[in-house]
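Written below as structure tokens is the structure these notes are about.
These numbers come from a predicted model, not from an experiment.
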Amino acid sequence: MKNYKIILLLFIAAVFILTGFKEIKITKIPAADKWTGTVTQLVTSKTKGRIVANSILGENISKWDKFFAFHIDANFVNSRGTVIRADTINNWELDSMATGPRGIPPYIVDERTIRSYCNGKDIFGLDVQFSEDKKTYSINFFTSDCKGLRSSEEKNTVTGNSSDTSPSDMDGLILTIPPFPGHPVGNDPNILSGKYDEIIAAPNDPGGGDIITRITWNLKKSK
């Protein structure tokens with residue numbers, strides 16, 4: 001019986017020697033590119049205005065002074081880094097409405113002030129997407145949640161004064177920079193650098209204010 005086992009083992013060894021071992025091919029998944037550098041985005045809008053409407057009773061006057069700034073500052077090392085976010089809103093409005101023949105008091109005055117701010121900081125990954133033809137690219141990353149406060153104050157000559165304070169918390173966002181269809185790849189695809197500027201009219205703004213977006217980025221592929 002022992003001789004039988006020895007013969008069987010020798011037969012198996014001979015088969016391996018004669019047929020050879022099959023080559024096992026291992027396909028390596030290419031590692032994602034790593035990028036180091038900075039991305040900055042600032043979105044602002046500021047508008048002031050005054051509207052005077054004449055009526056039988058007198059003049060109705062509306063005034064406003066509104067401002068907001070949304071700031072993102074990101075610093076990445078090997079496609080991972082700190083993203084800082086800061087949002088600020090300051091709105092002031094006043095309406096003066098005629099109510100009767102000129103007398104005391106001749107108008108109802110309603111003045112409203114809103115101030116809001118929030119800040120956030122967190123660590124996120126950076127993703128760079130190239131088009132199929134490698135001619136354009138876009139940069140993608142998340143921003144942190146933004147925690148802050150909102151305060152409001154109203155002064156009214158009829159209803160009196162009031163004020164309120166509440167949390168001003170905003171959820172995180174995903175940014176794609178620049179917007180579709182992306183930015184052209186330069187002479188060196190290992191260096192991604194550019195600037196994006198956009199000015200659009202603020203919606204529902206009788207003062208004709210603009211929303212201004214400024215984005216800059218400078219990234220270099222890590223070795």
Side-chain angles (χ1 to χ4, degrees), residues 37-54 59-76 82-97 109-122 124 126 128-129 136-155 164-184 186 192-219:
T38 60
V39 181
T40 300
Q41 174 176 282
L42 180 61
V43 182
T44 60
S45 179
K46 183 174 180 62
T47 175
K48 291 185 177 182
R50 183 174 186 268
I51 295 177
V52 178
N54 294 317
E59 291 182 336
N60 295 336
I61 301 174
S62 294
K63 301 178 183 178
W64 63 91
D65 186 352
K66 299 182 179 182
F67 169 79
F68 68 73
F70 306 141
H71 188 198
I72 300 292
D73 192 8
N75 193 338
F76 295 100
T82 303
V83 180
I84 299 173
R85 175 181 176 183
D87 295 358
T88 301
I89 299 174
N90 290 318
N91 288 343
W92 174 84
E93 299 175 280
L94 184 144
D95 291 320
S96 180
M97 298 159 282
V109 178
D110 186 38
E111 181 181 1
R112 302 171 299 279
T113 303
I114 296 176
R115 296 184 177 90
S116 175
Y117 72 90
C118 68
N119 297 281
K121 180 180 179 181
D122 211 334
F124 293 102
L126 172 74
V128 177
Q129 295 286 338
T136 61
Y137 67 90
S138 64
I139 302 165
N140 307 279
F141 61 91
F142 281 96
T143 72
S144 64
D145 294 341
C146 202
K147 304 294 184 180
L149 290 175
R150 177 185 184 274
S151 63
S152 62
E153 183 180 9
E154 184 172 4
K155 299 177 181 179
D164 181 65
T165 301
S166 60
S168 176
D169 299 343
M170 303 296 291
D171 292 335
L173 307 170
I174 183 169
L175 294 183
T176 298
I177 299 173
F180 181 84
H183 192 78
L192 307 180
S193 179
K195 180 173 69 173
Y196 175 83
D197 294 335
E198 180 185 63
I199 300 176
I200 62 174
N204 303 319
D205 187 347
D210 293 325
I211 298 176
I212 302 171
T213 301
R214 301 276 189 257
I215 307 173
T216 59
W217 63 94
N218 291 281
L219 299 170

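For the pair V128/L192, a side-chain contact is recorded, criterion being any heavy-atom separation below 4.5 Å from C-beta on. Side chains of L219 and I139 form a contact here, defined as non-hydrogen atoms less than 4.5 Å apart. Using a 4.5 Å cut-off on side-chain heavy atoms (C-beta onward), L175 and Q41 make contact. Within the 4.5 Å cutoff, no side-chain heavy atoms of D110 are placed close to those of K155. No side-chain heavy atom of R85 sits less than 4.5 Å from a side-chain heavy atom of N119. Taking the side chain as every heavy atom from C-beta outward, T136 and P181 never approach each other to under 4.5 Å. Within the 4.5 Å cutoff, the side chain of V43 has no heavy atoms near those of the I212 side chain. For the pair Y117/N90, no side-chain contact is recorded, criterion being any heavy-atom separation below 4.5 Å from C-beta on.
The heavy-atom pair separating I211 from P203 by the smallest distance is CD1-CD, 4.1 Å. Across every non-hydrogen atom of S138 and P178, the tightest pair is CB-O, 4.2 Å.
T113 contributes no side-chain N or O that, together with a main-chain N or O of E153, makes up a donor-acceptor pair within less than 3.5 Å. Without hydrogens or angle criteria, S45 side chain to D210 main chain gives a donor-acceptor distance under 3.5 Å. Checking side-chain atoms of D169 against main-chain N and O of G148 turns up a donor-acceptor pair under 3.5 Å.
M170 CE to D145 CG: the interatomic distance, rounded to the nearest 0.5 Å, is 10.0 Å. Distance OG/S116 to CD1/I89: 4.5 Å, rounded to 0.5 Å. With rounding to the nearest 0.5 angstrom, the CG atom of D73 is 7.5 Å from the OG1 atom of T38. Interatomic distance, CG of L42 versus OG1 of T40, reported as 9.0 Å (0.5 Å rounding). To the nearest 0.5 angstrom, W217 atom CH2 is 8.0 Å from S193 atom OG. With values rounded to the nearest 0.5 angstrom, R214 atom CZ is found 7.5 Å from T44 atom OG1.
Separation of the H183 and Y137 ring centroids falls under the 6.0 Å cut-off. Between F76 and F141, the gap from one ring centroid to the other is short of 6.0 Å.
Atom CZ of F68 sits in a crowded spot, with more than 12 heavy atoms from other residues, nucleotides or ligands closer than 6.0 Å. The 12-atom threshold is not exceeded at CZ of R115, counting heavy atoms of other residues, nucleotides or ligands nearer than 6.0 Å.
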Give the C-alpha distance, both sets of side-chain angles, the deciding distance and a yes or no for side chain to side chain contact (heavy atoms under 4.5 Å, CB included) between V83 and S144.
CA-CA 7 Å; V83 180; S144 64; 5.8 Å; no
Any chance you could lay out the side chain to side chain contact (heavy atoms under 4.5 Å, CB included) test for V109 and L94, step after step, and finish with the verdict?
CA-CA 7 Å; V109 178; L94 184 144; 4.1 Å; yes
Could you go step by step and tell me if W64 and R50 meet the side chain to side chain contact (heavy atoms under 4.5 Å, CB included) rule?
CA-CA 7 Å; W64 63 91; R50 183 174 186 268; 5.7 Å; no
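In summary, the side chains of D95 and S62 do present a donor paired with an acceptor at a separation below 3.5 Å, with no hydrogens or angles considered. Using modelled atom types and a 3.5 Å distance limit, the side chains of T82 and N75 yield no donor-acceptor pair.
A salt bridge between K46 and D65 is present, with a side-chain N of the basic residue lying under 4.0 Å from a carboxylate O of the acidic one.
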